[in-house]
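Below is one structure; the comments refer to it alone.
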Amino acid sequence: MAGLWAAAYILFLMGASEARAQFSGPATSSTATYNQELTATTDRAILYPGERDIVLTIGDNIAIHLFSDGKYAPQVRINNDGTVLLPLIGIVHLEGLSVTQAEDLIAEKLESDGMYRNPQVTLQIVEGPNAVVTIVGEVHAVVPVVGTRHLLDVLSTAGGLPPTASHVITINRPGVPKPLVVDLGTDPMLSSLGNIPVFPGDTIVVSRIGIVYILGSFSSQLGTIPLNAYTPLTLTEATALAGGYKWEGRFNDLRIIRTVGDHRTVAVYDIKKVLNGKVPDPILQPNDIVYLPPVPLKQFITSGGLGTTLGLISLAIALR
């Protein structure tokens, strides 16, 4: 009988031996900028600037026209040193000037050199960085833009957003110190609220949508679940996508590990209470880790250790 109690005691220790310490991850700098939440730009003066005077840059192919002389119509590309060579006036530095400033400078040189009196100069960008909008990230495209186009129009021309794309769009605009952050929203019918004008020279960054990591005692070892841009993912839905929980799981100790910057939090839930509607169903965020730890004894039995366990008990009985 003593042997039987000894075997039972061994099994009890196996079931009770679980480390409760929480892993806080590797040390990170307090200035870490990864995994930060983006704040949508709300300043309408930045989102809707009206007419925008484009700033010339290296590589722009420009055409110059003179109102009083149709024969004066050179087409040149801005060199790596920021200059162009124009008939009658020679080398002119145009990089960094707006289109209006470049027109005024060329007109001034034509007049000061005695070539024309009160010349009316117009400058047009034919091709180059300032004739297109560049899209990078989950979408790669170069879309020609003359004047202005709207964000959804440009994205549609590029083929639209793939399922892996985030609905939060970042726009880098020359002359604007901070990137514009536009949230197209979770409802496609309301995306027009973020359909702002875009201008030649803009770079649209389409980031990858976040994923949720699934670990532990789930039936399907998916590893990751991609988030949908237009539908929030709850713990119940993630559990269903993972095939449900396994018998060996510690149901009252499901953990959602969330990291923002260098700060990590661990929230503990009872998965059965969540699925039964007794507690709120948490909404998962990008890069969340959902971990359902196993009960060691249950895991031991599930992995084929039941025969070994019965053998130990039989041995204990035989040694009485």
Side-chain angles (χ1 to χ4, degrees), residues 15-16 18-26 28 32-42 138 161-169 181-191 193-194 207-299 302:
E18 179 190 9
R20 304 297 295 178
Q22 293 181 350
F23 172 62
S24 60
T28 55
T33 57
Y34 51 83
N35 200 25
Q36 297 284 353
E37 294 183 357
L38 294 175
T39 302
T41 304
T42 58
E138 289 300 286
L161 295 178
T164 57
S166 171
H167 60 275
V168 178
I169 307 297
V181 179
V182 180
D183 190 347
L184 295 179
T186 57
D187 186 349
M189 298 301 294
L190 300 178
S191 293
L193 297 177
S207 59
R208 186 178 182 84
I209 197 169
I211 58 177
V212 169
Y213 299 88
I214 302 293
L215 302 173
S217 300
F218 292 97
S219 297
S220 177
Q221 297 300 315
L222 293 175
T224 60
I225 298 176
L227 296 177
N228 187 295
Y230 301 108
T231 306
L233 180 71
T234 67
L235 176 59
T236 298
E237 293 169 337
T239 302
L241 291 172
Y245 55 78
K246 297 167 68 174
W247 171 77
E248 65 192 55
R250 187 179 295 277
F251 307 130
N252 64 347
D253 191 26
L254 181 138
R255 307 169 192 176
I256 298 179
I257 305 169
R258 181 169 299 167
T259 303
V260 177
D262 58 355
H263 180 63
R264 170 168 286 191
T265 61
V266 180
V268 178
Y269 294 86
D270 188 320
I271 191 170
K272 283 191 172 181
K273 290 183 179 180
V274 172
L275 297 181
N276 292 331
K278 294 182 179 180
V279 296
D281 192 4
I283 297 177
L284 302 177
Q285 301 296 326
N287 299 318
D288 278 355
I289 301 173
V290 178
Y291 175 52
L292 180 59
V295 176
L297 176 57
K298 290 183 178 180
Q299 188 179 34
T302 302

Checking side-chain polar atoms at under 3.5 Å, does Thr265 have a donor or acceptor matched by the opposite partner on Arg258?
no
Verify, without hydrogens or angle tests, whether Asp253 (side chain) and Arg250 (backbone) share a donor-acceptor contact under 3.5 angstrom.
no
How many angstroms lie between atom OG1 of Thr259 and atom CD1 of Ile289, to the nearest 0.5 angstrom?
6.0 Å
When every non-hydrogen atom of Asn252 is compared with those of Val268, the smallest separation belongs to O-CG1, 3.8 Å
Is there a donor-acceptor pair under 3.5 Å between the side chain of Thr239 and the backbone N or O of Gly244?
no
So which heavy atom on Ile211 is nearest to which on Pro226, and how close?
CG2-CA, 3.9 Å
Is there a donor-acceptor pair under 3.5 Å between the side chain of Ser219 and the backbone N or O of Gly243?
yes
By the side chain to side chain donor-acceptor pair (under 3.5 Å) test, which pairs, at least two apart or in different chains, include something from residues 207-216?
Glu138-Arg208
Minimal heavy-atom distance between Ile225 and Ala238, with the atoms involved, is CD1-O, 3.8 Å
All heavy atoms of Ile283 vs all of Pro232, minimum pair found to be CG2-CB, 3.9 Å
Would you give me the side-chain donor-acceptor pairs under 3.5 Å for residues 272-281, sequence neighbours excluded?
unit_1, atom_1, unit_2, atom_2, d
Asn276, ND2, Lys272, O, 3.1
Asp281, OD1, Leu235, N, 3.3
Asp281, OD1, Thr236, N, 3.2
Asp281, OD1, Thr236, OG1, 3.3
Asp281, OD2, Thr234, OG1, 3.0
Asp281, OD2, Thr236, OG1, 2.8

Can you name the closest pair of heavy atoms from Ser166 and Leu161 and give their distance?
O-CD1, 4.2 Å
Could you pull out all residues at least two apart from Tyr245 that satisfy ring pair (Phe, Tyr, Trp, His ring centres under 6.0 Å)?
Phe251
Shortest non-hydrogen separation from Pro286 to Gly210 and the atoms involved:
CB-CA, 3.7 Å
